[in-house]
Amino acid sequence: MNYEDEIDIDAYEAIYGIDVEDITQEQYPLPKIVQDWVEEGTKFTYYNDFPVMMLYFVALGQVVKDFIRIPVGANTLDTRVHLAWFQTARTGKTAAWKFMKKVLEGTFAKLNGDTQSIAIQDYMQGRELDVFGTLAYTDASLVGTIRRNPMYNEDAARQAEEDGEAYDIEEFRHIKGGLEGNGIAHFDEFEHSGIFNPTKTKQEILAYFQTFMNGLDSESYKITKRLADFEYEMVCDCRRSMYATSYVPKSFVEIVATTGVLQRAFMFIREVDDETRRKIALMYIDNIGVKVETLMQTNAFEHALESIFQRVFAKWEQEGRNPHNVMTIPTEVADVIRQYYDWMKTDSEGLRPEVKSIAESFIQNLLNYSTILSVLIAVSNQRFTVNVNDAHCAGLIIRHSYSALTDWLNKTLRVQRQSALQTAKPDLFIEAYHECRKDNEGWANKKEIVEKVMEAGRLSRSQVYRRLEKMKDLLFDDMRVGRSVYLRAKEEHI
């Protein structure tokens with residue numbers, strides 16, 4: 001189905017009896033296990049219901065990733081959810097991780113343990129799930145390194161080869177990095193990862209994040225690195241789900257616009273307003289000295305994730321261990337997903353161009369996550385067939401994420417534009433324009449305007465050109481005639 005095809009919204013609403021603009025969470029509630037997860041998790045992190053909810057899908061997507069593939073034409077999606085949560089410092093991100101980590105450690109211990117069926121125990125050999133976290137964003141810590149094996153003897157190896165015998169000691173040792181394997185890769189203080197300050201030495205780390213978020217159905221998710229000192233290509237087999245948190249770095253907009261790495265993750269971004277921060281502080285004060293006997297009650301969620309794993313594993317075996325046959329997705333589910341795509345596209349039409357170009361770069365990946373979340377919601381509801389309700393429930397999650405992104409971009413880019421204008425002193429340029437000779441249509445020679453600004457502002461030519469570049473589109477229309485450029489003030493500045 002082509003998402004660009006026209007859809008008869010009236011016919012769709014006649015079938016399902018809904019107005020796509022007024023769909024609410026009350027109409028399409030989250031699965032009971034997710035509601036309970038949010039209720040428990042937000043006892044420890046206040047006013048963070050949405051990101052706490054997404055942590056459930058990060059955990060579940062990792063747990064079932066080997067057993068489910070989602071067909072999208074010739075392509076497939078796996079169920080991993082990579083969450084990047086950017087939010088004002090000191091507003092509960094670390095507290096949310098404490099809850100999440102306890103659930104993960106308990107769940108992974110159960111799935112890796114000897115209480116599972118023999119079939120599951122056999123399957124989990126070499127596929128154990130764990131949690132990896134680091135604040136050291138280096139090649140060695142992430143993807144590993146190679147060391148010469150001190151036990152290797154070159155003469156003995158040569159002699160064994162001449163004698164036609166095996167020499168069992170490897171010349172090199174591959175010391176695996178933390179990304180290797182299965183489970184969750186947790187990146188706290190993600191602002192230090194190098195993504196937001198991509199120096200030459202950090203460029204490869206940016207590529208690592210882009211690579212391991214590729215789909216698991218091909219080898220493209222594996223991180224390969226050839227070390228300069230050895231004729232050896234190292235492979236890091238990272239099948240983890242990413243959970244990254246940070247305050248919003250200053251270079252965030254530039255990185256989003258130029259690298260594409262964050263578009264691969266499910267991103268939630270929010271600047272917490274003063275009133276909410278005040279409420280968080282008051283809730284904290286109210287709880288000082290209060291003991292909560294139900295502190296970190298995670299057993300129910302550990303057992304729920306274990307039960308889902310076992311159920312999906314059994315279905316996978318029933319289907320001949322073919323992950324493409326585990327889930328069924330009827331065509332009407334795609335129709336619902338199309339509705340939320342149409343909503344995002346329509347919403348983006350009202351955005352300023354600089355906001356629209358960034359926001360729309362997230363839409364394709366949000367379509368992927370809409371599909372993935374629909375599947376995970378169905379699985380949470382103990383079904384292997386996705387239905388329309390699941391797709392709407394997922395669509396509401398996507399809509400919330402997209403709205404948060406566009407709201408933040410609108411506010412941030414407006415502030416940046418106003419700051420740039422103030423720094424660039426637009427009045428100097430408008431005054432210079434009015435002093436210049438103009439033709440009957442109001443066009444003035446750009447070079448003459450620059451000369452007048454240099455004189456009035458006591459600025460160098462390069463300074464004037466840099467400032468003009470920042471705000472030219474806001475102040476002037478431009479026209480080239482031969483090698484000369486002419487500017488005309490926009491109507492509001494005439």
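- Using a cutoff of 4.0 Å between basic side-chain nitrogens and carboxylate oxygens, Glu40 and Lys43 are scored as salt-bridged.
- Using a 4.5 Å heavy-atom threshold, the side chains of Leu367 and Tyr340 count as separate.
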Might you work through the side chain to side chain donor-acceptor pair (under 3.5 Å) test for Asp273 and Thr276, ending with a clear yes or no?
CA-CA 6 Å; Asp273 59 78; Thr276 302; 3.1 Å; yes
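- A distance below 6.0 Å separates the ring centres of Phe268 and Phe50.
- Between Tyr402 and Tyr369, a ring centre-to-centre spacing not shorter than 6.0 Å is recorded.
- Val81 has its side chain out of reach of Tyr243: every pair of non-hydrogen atoms, C-beta onward, lies at least 4.5 Å apart.
- If you run side chain to side chain donor-acceptor pair (under 3.5 Å) between Arg264 and each of Asn365, Asn368, Asn214, only Asn214 comes through.
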Using distance only, find each side-chain donor-acceptor pair of residues 174-187 under 3.5 Å and give its atom names and separation, not counting sequence neighbours.
from, atom 1, to, atom 2, distance (Å)
Glu180, OE1, Asp237, N, 3.1
Asn182, OD1, Lys65, NZ, 2.9
His186, ND1, Trp97, NE1, 3.3

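- Residue pairs satisfying the ring-ring contact (aromatic ring centres under 6.0 Å, His included) criterion with at least one member in residues 314-333, sequence neighbours excluded, are listed as follows: Phe67-Trp316, Tyr123-Trp316, Phe313-Trp316.
- Of the inter-residue distances, the one linking Cys393 atom SG with Asn381 atom CG reads 8.0 Å to the nearest 0.5 angstrom.
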Point to revise | Test log, rule salt bridge (charged side-chain N to carboxylate O under 4.0 Å, His left out), inputs Asp274 and Lys279 | key: CA-CA 9 Å; Asp274 290 341; Lys279 290 178 180 178; over 6 Å; no
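- The only member of Thr76, Asn322, Asp217, Asp78 that meets side chain to side chain donor-acceptor pair (under 3.5 Å) when paired with Arg69 is Asp217.
- The distance between the ring centers of Trp408 and Phe252 falls below 6.0 angstrom.
- A side-chain donor from one of Arg239 and Tyr221 sits under 3.5 Å from a side-chain acceptor of the other.
- Side-chain contact annotation: Gln87 with Asn48, donor-acceptor N/O pair under 3.5 Å present.
- At a cut-off of 3.5 Å, with distance as the only test, a side-chain donor of Thr88 or Glu271 sits close to an acceptor on the other residue.
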